[in-house]
Amino acid sequence: MPILAALLLVFAGATVAQSAAKEPDALIEIRKRGAQLLRAGDWTAARQKFREGLAQSRRLHLPLAQGRFLSNLGGLDFASFQTAEALEHFIQAREIGLRYGDGELEQVATLNMATVFARYGDWSKALETVESVGAQPWKSSAPVRGQFLLHRAIYLYRSRNFKGADDAFRVALEHAASIPDPLTEGRAWENWGLSFLLRRDWDRAERCFLASFRIRYLRRNPEYHRLFLHFAHLAREKGDTASAISYARRAIVAAESGLSNYPAWAAYHAAAQSLQRAGDQPAALAEFRRALAHARLTRADVLPLDQWVVSSENSLFDLYSDFVAAAFPLAQRNPALMAEVWATAEENRRASLRLTSVSSRFPPEYREKLAQLQRLELAAPASATARTALAKFRVELWALESKLGLRSHTPLSTPALDLGRLQRSLESDTALISFLVTGRQSYAWLITRESISASLLPGRVPLSTLVTSFRHDLLRSKSADILSRAYFQKILGEFFPTLATKPYWTVIVDGPLFELPLPALPLPDGKGIVADRFAITYASGVPSPASSGASPGPDLVAFADPVYNRADARISPFRPASNSFPVQELPRLTGTARETAAVFDTWPGPKRLFTGPQANRQTLLDTIRQSPGILHLATHVIAAPQDPSDARIALSMAPDRETVEQVTSQELLHLRHH
């Protein structure tokens with residue numbers, strides 16, 4: 001997704017000319033000082049200035065000035081990865097613009113709201129938002145209108161409205177040429193070309209990319225290096241593998257030397273795809289491995305931020321799955337290569353689970369450093385001095401992350417999955433089954449203490465159809481005896497001779513297989529269903545001892561017998577029930593205290609027990625962050641009636657609360673723990 005984030009800071013720094021004359025000099029001075037601090041990189045001081053201006057605007061009852069300071073604050077929030085706060089500030093600014101008839105303020109805030117939606121890939125919502133101001137007379141500057149027209153075109157093509165996108169790109173290009181604005185013009189041609197790539201219209205895509213390349217090259221705009229990847233894609237699709245390899249090599253040189261803001265792994269990925277298309281499988285696998293090495297470095301350098309989730313994870317998934325697809329046929333006859341293929345698939349799964357939204361525990365200082373990093377990365381292709389500054393800044397950022405406890409002392413760039421070590425950790429009666437689902441085909445691996453085997457499965461759509469069909473048959477059937485054994489055969493049939501000797505299965509599912517009632521599958525030998533003979537444990541991924549900075553401690557922490565209702569004498573008095581706040585109560589789990597005491601009697605190491613009011617949400621979250629050796633939870637689990645998959649751990653009520661506290665599965669994924 002090219003350069004969507006660039007739009008927002010233009011808007012956030014824009015001024016509302018019609019309102020400026022009505023502002024007192026003091027507010028104008030605050031705005032100027034805030035802008036100076038922003039340009040100097042002191043975002044904390046800039047934020048304080050803008051907040052000071054907002055407070056004074058409110059005291060003086062100057063709503064339009066409030067709207068402008070809200071827009072400034074929203075821009076800072078967005079750039080420092082506080083997306084929810086940014087959206088709230090833009091919404092408030094837009095409401096002020098609507099209420100007081102300031103078209104420019106309304107348009108600027110609305111377009112910034114659309115940029116927030118685009119960050120998360122919600123193209124339909126972004127398009128709906130920009131369209132809400134599309135028919136109005138334009139009140140802002142010509143360059144800002146150029147950005148509006150470009151982004152409207154991007155949102156249309158991302159929403160698969162290609163006819164509307166073609167018309168919108170023409171309008172955006174005409175406007176950019178009339179200003180003139182070669183930067184926007186080059187980006188418009190590139191994005192229009194990407195829309196033709198999506199439609200597999202190679203000739204028109206090539207014409208667009210050539211136009212973008214020409215404009216950027218003549219203007220000495222380093223963004224022209226971006227086009228080498230697109231040219232490699234086009235040549236590969238046209239069957240000109242020699243040109244595709246040549247373009248990919250040029251993209252690699254640009255990425256390695258810092259002349260392109262494309263990641264190096266994307267360039268190596270393009271080279272691998274081109275070599276594979278040319279039939280040079282050994283060279284393709286070598287390039288895939290180089291791409292994966294760079295991807296590991298990228299993922300090690302990027303902490304879990306929503307910006308990268310949206311913009312990078314889909315492409316990284318393609319890289320990993322393309323390597324699996326390329327190597328799998330050879331791996332069928334090469335156990336060492338099969339181990340590498342499996343480890344690569346699991347590595348991608350683990351890294352994807354790690355990438356989540358920014359947690360509120362990241363301090364403002366760190367968020368601002370990330371914003372500075374983004375600006376330095378954008379500037380790096382322009383000069384050697386900028387690249388040196390970027391390298392120096394990354395060292396400073398790493399030091400800050402270590403200080404904040406966001407980095408382990410073990411390099412995250414090293415592959416951590418060791419099949420031999422995993423096999424030695426498995427009991428002789430246990431099997432590990434893992435899946436990888438892609439659009440073209442899917443893969444299953446069976447790992448036991450003695451061996452690893454693999455099989456091919458259908459792609460995402462036919463596999464989803466298979467799962468849906470089995471669920472439908474299961475709901476209609478009065479007896480498992482009449483269910484078809486073909487379902488098991490199509491998913492795990494090749495593994496059954498081995499699985500039949502392993503009563504304990506650990507299963508890592510993917511894609512539509514999350515919806516598969518695996519325990520209900522009829523066994524192929526006709527002897528009941530899976531649940532009759534096998535115990536199944538589901539896991540989110542394979543644990544990797546080398547991926548964590550320190551080994552989990554041998555301590556046992558237990559949460560048991562929380563306070564679940566107001567009749568519980570262990571916590572009182574309760575605040576009277578409020579008509580506006582629903583009371584949610586659950587029955588007490590009286591036996592869990594005895595159960596946990598029995599568990600503690602068998603544990604020789606350190607142990608901590610939290611019961612009653614102590615078995616609460618904050619204590620559990622704090623405990624998980626400390627990575628105990630074993631966590632014992634003897635609590636209720638509740639699910640939303642409208643969405644049973646939204647399961648939550650239920651914890652103790654607090655004296656000043658009227659509901660049981662909850663921890664969601666999403667929160668658990670966001671935490672860094674062993």
Side-chain angles (χ1 to χ4, degrees), residues 281 285 288 292 320-350 415-438 440-460 462-463 466-467 470 485-514 516 518-519 521-527 529-531 533-544:
Q281 196 71 357
L285 290 180
F288 269 122
L292 291 168
Y320 279 76
S321 59
D322 284 350
F323 170 76
V324 171
F328 195 87
L330 298 175
Q332 296 279 39
R333 303 181 298 277
N334 184 335
L337 182 56
M338 182 58 76
E340 180 186 2
V341 170
W342 167 82
T344 301
E346 290 302 321
E347 174 192 322
N348 182 58
R349 190 197 316 273
R350 187 181 67 242
L417 289 169
D418 183 333
L419 178 62
R421 186 173 182 179
L422 171 66
Q423 289 179 303
R424 289 190 295 274
S425 72
L426 294 175
E427 301 292 339
S428 59
D429 57 1
T430 301
L432 174 68
I433 307 164
S434 66
F435 296 93
L436 171 66
V437 177
T438 73
R440 296 183 296 274
Q441 57 192 14
S442 303
Y443 309 86
W445 288 272
L446 171 62
I447 298 172
T448 67
R449 193 179 183 91
E450 304 80 23
S451 65
I452 176 174
S453 53
S455 68
L456 279 174
L457 299 178
R460 184 179 303 274
L463 198 59
L466 182 69
V467 170
F470 176 66
R485 302 176 198 171
Y487 289 114
F488 188 102
Q489 197 64 36
K490 291 177 180 178
I491 297 172
L492 291 171
E494 292 185 32
F495 297 155
F496 187 67
T498 301
L499 287 174
T501 67
K502 308 292 181 182
Y504 298 98
W505 300 357
T506 296
V507 184
I508 306 169
V509 293
D510 190 27
L513 294 176
F514 278 105
L516 175 69
L518 179 59
L521 285 174
L523 293 168
D525 59 5
K527 298 179 181 179
I529 61 175
V530 170
R533 291 164 54 187
F534 303 97
I536 297 177
T537 299
Y538 288 95
S540 60
V542 176
S544 172

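Just so we're clear, the structure is a prediction, and the values are computed from it rather than from any experiment. Nothing fancy with the numbering, it's 1 onward along the sequence.
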**Request:** Output the distance between atom CD (Glu340) and atom CD (Glu347), rounded to the nearest 0.5 Å.
**Result:** 10.0 Å
**Item:** 4.5 Å side-chain heavy-atom contact, Phe534 and Leu518
**Value:** no
Throw together a table of side-chain donor-acceptor distances under 3.5 angstrom for residues 490-501, partners on residues two or more places apart or in other chains.
from	atom 1	to	atom 2	distance (Å)
Thr501	OG1	Thr498	O	2.7

**Request:** Scan residues 440-459 for pairs that pass salt bridge (charged side-chain N to carboxylate O under 4.0 Å, His left out), counting only residues two or more places apart or in two chains.
**Result:** Asp322-Arg440, Glu450-Lys502
**Asked** For Arg533, what residues pass the salt bridge (charged side-chain N to carboxylate O under 4.0 Å, His left out) criterion, not counting sequence neighbours?
**Response** Asp525
**Request:** Might you work through the side chain to side chain contact (heavy atoms under 4.5 Å, CB included) test for Thr448 and Thr430, ending with a clear yes or no?
**Result:** CA-CA 7 Å; Thr448 67; Thr430 301; over 6 Å; no
**Message:** Could you work out, with side chain to side chain contact (heavy atoms under 4.5 Å, CB included) as the rule, every residue matching Pro519, not counting sequence neighbours?
**Reply:** Ala531, Ile536, Tyr538
**Item:** 4.5 Å side-chain heavy-atom contact, Ser434 and Glu346
**Value:** yes
**Message:** Could you go through Leu457 and Phe435, starting from their C-alpha distance and side-chain angles, then the distance that decides it, and tell me whether this counts as side chain to side chain contact (heavy atoms under 4.5 Å, CB included)?
**Reply:** CA-CA 9 Å; Leu457 299 178; Phe435 296 93; 3.8 Å; yes
Donor-acceptor contacts, no H, no angles, side chain residues 323-333, under 3.5 Å, sequence neighbours left out:
none

**Prompt:** Would a 4.5 Å heavy-atom cut-off, applied to side chains only, mark Val437 and Leu463 as touching?
**Reply:** yes
**Asked** Have Trp505 and Thr537 got a donor and an acceptor in their side chains that come within less than 3.5 Å?
**Response** no
**Complete:** Sorted by chain and residue number, the side chain to side chain contact (heavy atoms under 4.5 Å, CB included) partners of Tyr487 (sequence neighbours excluded) come out as Leu466, Ser469, Phe470, Asp473, Ser484, Leu521
**Criterion side chain to side chain contact (heavy atoms under 4.5 Å, CB included) on Arg349 and Ile508, from CA distance to verdict** = CA-CA 10 Å; Arg349 190 197 316 273; Ile508 306 169; 3.3 Å; yes
**Request:** Give the minimum heavy-atom separation between Pro524 and Phe488, together with the two atoms involved.
**Result:** CD-CD2, 3.5 Å
**Asked** Quick one: are Tyr504 and Leu426 in side-chain contact, heavy atoms under 4.5 Å?
**Response** no
